[in-house]
Colleague: 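Here it is, the structure, as structure tokens.
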Amino acid sequence: MAFSVSAAVLLAVIVAVLMKGGYVRFGSMLACTLFGFTLAATGLAPTINSGLASLAGLISSL
């Protein structure tokens, strides 16, 4: 749970910086957000979550 909240906050900060810099427009951000929510509702979500958890474990071991 703590990892998913941390990842969500980190990604929100990244999106905010990209929007502020003009690299991502509001429409693109909205489409990517909706795609993420749609992807989370599919059977691929557990695989993505375990991949992120493995990546976090790899980073923390460095």
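Heads up: numbering here begins at 1 and tracks the sequence. Below, each value reflects all heavy atoms present in this structure, side chains not excepted, and no hydrogens, waters or symmetry copies. Model, not experiment: these values are computed from the prediction.
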Colleague: Roughly how far, to the nearest 0.5 Å, is the CG atom of L39 from the CG atom of L44?
Modeller: 5.5 Å

Colleague: Considering non-hydrogen atoms only, spot the tightest contact between G43 and P46 and give its length.
Modeller: O-CD, 3.3 Å

Colleague: Out of curiosity, L11 CG to T33 OG1, how far, rounded to the nearest 0.5 Å?
Modeller: 10.0 Å

Colleague: Do L10 and M19 sit in one hydrophobic cluster, given that two such residues count as connected whenever their side-chain heavy atoms are within less than 4.5 Å of each other, even indirectly?
Modeller: yes

Colleague: When you group the ILVMFWY residues by side-chain heavy-atom contacts below 4.5 Å and let the links chain together, are F35 and L52 in the same group?
Modeller: yes

Colleague: Say whether, by atom type as modelled, one donor and one acceptor occur between the side chain of S60 and the main chain of A56 under 3.5 angstrom.
Modeller: yes

Colleague: May I ask whether Y23 and L30 are part of the same hydrophobic cluster, defined by side-chain heavy atoms of I, L, V, M, F, W, Y residues being less than 4.5 angstrom apart, directly or through others?
Modeller: yes

Colleague: State the CG-CE distance between L34 and M29, to the nearest 0.5 angstrom.
Modeller: 9.0 Å

Colleague: Where do A40 and A45 come nearest, in terms of heavy atoms and distance?
Modeller: O-CB, 3.3 Å

